Structures are given as structure tokens and as C-alpha cells.
Amino acid sequence: MTVQICKGAFDPWQSIQTHQRDNLTDGQYGATATFVGTMRDFNEGDDVCAMTLEHYPGMTESQLEEIIAESKAQWPLQDALIVHRVGEMHPGEPIVLVACWSAHRAAAFDACRFLMEALKSRAPFWKKETLHDNSHRWVEKNTDGYSSH
Amino acid sequence: MTVQICKGAFDPWQSIQTHQRDNLTDGQYGATATFVGTMRDFNEGDDVCAMTLEHYPGMTESQLEEIIAESKAQWPLQDALIVHRVGEMHPGEPIVLVACWSAHRAAAFDACRFLMEALKSRAPFWKKETLHDNSHRWVEKNTDGYSSH
Amino acid sequence: MSVNVKFFASMRETLGQSELQIDIDTNQTVAGIWSRVAKDLPMPDNTVCAVNHTQATPETLVSDGDEVAFFPPVTGG
Amino acid sequence: MSVNVKFFASMRETLGQSELQIDIDTNQTVAGIWSRVAKDLPMPDNTVCAVNHTQATPETLVSDGDEVAFFPPVTGG
């Protein structure tokens, strides 16, 4: 169960492979559910050219560890990994990775989505967008995670 | 929207990166939900040392394309990828990859799970396990995809 | 008329064959094809039938040149 | 007694400071700390408060050496 805060760009697919190699045993897990959030070049109808992610060192990590502990209590997980970028970033760059490993798929799917929703509602991160006219604005709230039809 | 049947081992994380590089535009997608099914060395209480996956060439591909079309009709997806292994394989090796790209996370999560459940209930693949005493058995049904607590 | 018949997985092993071409009368159903190829073996309850790569029922009518397949419940993924 | 107070994101910009150490009387609440540091600015409705990295309410009592933080709703992920 690992939480990482990255000050520079990270490759989520590399993070998954490295974590899997170092922490999991081949043949013991049957299901890996992952989610990667990537910076878009549009939001709320405007073009966005850069973003700065602020966090609360100490509290952010402990909140992420707490939500992982909650997921372990609820589902039979073999492992979970959360990586979150902070600092300045640009469109196309990964912001967050959540990965869950379990024997069967239901637990991996459920836990991955739970972690992502819990992270977005409880972990202290804040996004500030830079628009094309070089103006800045704080993102005020996250989009709904359950209405997609 | 891509469907691949692999006769040999494949690296799901490499498949995701290659597909993303060749088919998606940086900044256009914000959410990538993926699922990887990996062969376990245990099933139904027994040790399993190898598995052979049979499929129905032609029908398997068209069923997978159909469930991807159904997911596109239901959610605002930017892209989807399904890769499925066939032939003989061993514990720790990936069996299936499902990946969905969308602007927002709800669609990516929902479509990824839909594709995986539809694949497991409708795509013509059959698993035959080899146990340690070298006996073989056909897997008769898949586990439930929604009960994990 | 002529149809191509395929069996997969445990069905293929039970019947001891994977594929055969048969000549049939017109207005045959999938169940009729099964009787022709499986002799006295009743179709198992959970058998999945497909005509030309699309799931079908025992009552589905088959046409000249069709591909008819029989297989057990799928277990991929 | 002494507490460490932190502000993040738009709250940090609004108040023009990110961190300060203040001396307070005993039995102070989080709301009391806000009044000391924010002067006449009422606490915005959606403000999130934390004491020692755990989410708190305006009524939560603070102790000597605590770290008290104020920030807007989180928007990570």
C-alpha cells in the first residue's frame, strides 16, 4: 500500500509496472483496476494552457493513507497504489494514478473507484489554471464522479 | 476503437501506451480507466499450473466490436481498447486488457466495467486449466463481477 | 442445401469433432442441425448456439451456406 | 499557549499569508483562531478546517502546539 506525491512529471504505466514488480507475486493476483487522470487543454468551456497543483504536505499523505486503509477494510485487496502530481504541469501530463490489485475483478473495480472518489472529495489538493490570456483561476469544485450518461 | 486477439504473451501496459500514442491526442482526454486480468496459480481451491484459452475466430472479434459499439452508444468515450490472449499460458501472465479513454472519469469507469462484464458473459472464449497432477478441466462458469464485499 | 457446423471447447471434445459440412433439407432449424450431427445426444441445457457469428436459439432457421456453431457458456476474461 | 496556523490555495491568496505562529488563551476553538488571524473577514461558508492534519469543525477545541489549517474545498485528482 503506497502513496507517492510527485513534484515532477511521472509515467503512470511505468509506476504500475515498477510497483507490481517490487510488491506483488506473480500468480497471486488476478485483477488489476487502474485509473489515470490526465490534464486536459479545456475546462468549463475555456482553453487551459497550464495548471499548478498545490497540496498540504503531511495532511495530504495522511489522508491518502487513510482512504487506502478504508478500502482495505472494505475489500479483499492485495495491494493499492496512489501517485499524485503537484506543482506546475501542462496538458497531456498525468495528474493522478490509482491502481488496485485483487484476486477477483469486483474488488479491484470497486476499490479503484472508491479510492478515486475519496481522493477527489477528501485529499487536500487544489488546482489553479492558467488560461491563454495568462490569467489564472482556482478550480472551485470537482465534476461529479457518477453521472456519465 | 480496437480489438486484438494475441496468440502469444502481451504486455498490457505497453499496449496501453502504444495505443494512446497512436490514437489519442494529448490534452483531449482527462480520464483513462483500465482493467487487466492476469492468470492466477489457484482457482476453486486447486493449484493451477497452466491454462489454454480457446476462442471462435471471427465471432470472437465481432462480439468484441459489438460490445465496444454498445459502450460508445451509452457513454461519451474518446476511445476503447480490448486485447485478449488465446492459446497456452502460465500463472502471472496477462489474459485480458480493457482500456477506456474519456474527457471525464465517470464515463471511463462505467464503460470499462461494462466492457469487462459484457466480454465475460458474451465473447466466445473458453478456459481449460491444467492442474499439478497434469489433469485438465474446463472452467465451467465465470465468477460474479459485482459481489466483492 | 449445405451448412458448415462448428463445435468449441468441451462440446468439441464431447462430440469428438470440431467442424463438418453437411447437406440438409430447406427450412431446417438450429435444433434440427444438432439432431443431424449429434445423433442421439440431446442438446445440453446450457448450450449456446450461433448462426453466422451471431447468437441464435434452437428455433432459428438456417439458410444455405450458413455457419452454425454450438458451444458451452463462455469463460474468457 | 501557541498554535501554528496555515492557509492554502485561494484562502492563502485572500489572506495574503500562508503560515503564522500565534499565542492564544486556553480553550480556544478553531473559529476563535480564525477571528484572531482573519481580522474582520467572516469565515467563508465552504471553508474546510483541519487540526493536526485531521478535518475539524469551527467548534473543535485547539491545544498548545496544534497545527490549524484553513482551505477551500479540495479539487485534486
Side-chain angles (χ1 to χ4, degrees), chain B residues 3 5-6 12 35-40 43-44 48 51-67 82-87 89 94-98 112-129 136-145, chain C residues 1-22 24 28-34 36-38 41-77:
Chain B
V3 164
I5 305 294
C6 288
F35 179 84
V36 175
T38 305
M39 190 187 156
R40 282 174 286 119
N43 192 28
E44 305 279 334
V48 181
M51 189 165 76
T52 304
L53 253 154
E54 184 172 331
H55 77 306
Y56 181 174
M59 180 167 177
T60 303
E61 292 83 345
S62 69
Q63 287 286 300
L64 294 177
E65 278 156 18
E66 187 177 308
I67 64 177
I82 297 179
V83 182
H84 204 294
R85 176 88 179 268
V86 293
M89 66 195 71
I95 303 168
V96 61
L97 162 68
V98 171
C112 185
R113 193 157 193 177
F114 166 83
L115 287 177
M116 196 55 211
E117 296 309 315
L119 181 157
K120 288 194 85 103
S121 65
R122 292 159 48 189
F125 290 107
W126 302 274
K127 286 175 181 157
K128 189 182 202 174
E129 296 174 335
H136 299 276
R137 68 177 180 199
W138 289 98
V139 175
E140 294 191 345
K141 64 186 183 69
N142 277 323
T143 56
D144 188 345
Chain C
M1 61 185 224
S2 160
V3 296
N4 195 27
V5 186
K6 292 186 172 186
F7 306 101
F8 291 94
S10 55
M11 188 74 77
R12 176 174 49 72
E13 291 184 349
T14 302
L15 294 175
Q17 54 190 349
S18 60
E19 183 166 4
L20 71 168
Q21 189 98 18
I22 57 169
I24 53 163
Q28 278 277 20
T29 62
V30 167
I33 303 287
W34 173 270
R36 269 289 303 278
V37 297
L41 185 73
M43 197 191 298
D45 279 348
N46 60 4
T47 302
V48 183
C49 316
V51 174
N52 298 331
H53 298 171
T54 301
Q55 204 174 316
T57 68
E59 294 72 39
T60 303
L61 282 171
V62 299
S63 305
D64 188 34
D66 279 355
E67 177 170 303
V68 181
F70 299 96
F71 46 81
V74 305
T75 55

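Throughout, a chain's letter reflects where its sequence line sits, starting with A, and its residues are numbered from 1. Only a predicted model underlies this, so the values are computations on that prediction, with no experimental measurement involved.
The candidate from B:Thr52, B:Asn142, B:Leu53 with the greatest count of non-hydrogen atom pairs under 4.5 Å with chain C is B:Asn142. When each of C:Pro73, C:Ala69, C:Pro72, C:Ala50 is checked for heavy-atom pairs under 4.5 Å with chain B, C:Pro72 comes out on top. When each of C:Lys6, C:Glu13, C:Glu67, C:Gln55 is checked for heavy-atom pairs under 4.5 Å with chain B, C:Glu13 comes out on top.
Interface remark: B:Lys128 contributes side-chain atoms only to the contact with chain C (heavy atom separation under 4.5 Å). Only the backbone of B:Ser121 comes within contact range of chain C, judged by heavy atoms closer than 4.5 Å. Of the atoms belonging to B:Arg122, it is backbone heavy atoms, and not side-chain ones, that fall under 4.5 Å from chain C. For chain C, the nearby part of B:Gln63 is the side chain; its heavy atoms alone come within less than 4.5 Å.
Residues C:Phe7 and C:Phe71 fail the side-chain proximity criterion, which asks for heavy atoms closer than 4.5 Å. Residues C:Val74 and C:Val48 have side chains not in contact (no heavy-atom distance under 4.5 Å, counting atoms from C-beta outward).
C:Leu15 CG to C:Phe70 CZ: the interatomic distance, rounded to the nearest 0.5 Å, is 9.5 Å.
Aromatic ring orientation, B:His84 versus B:Phe125: parallel (interplanar angle below 30°, classes split at 30° and 60°).
Side chain to side chain, C:Ser2 and C:Gln21 meet the donor-acceptor criterion of an N or O pair below 3.5 Å. Donor-acceptor pairing under 3.5 Å is lacking for the side chains of B:Glu129 and B:His136.
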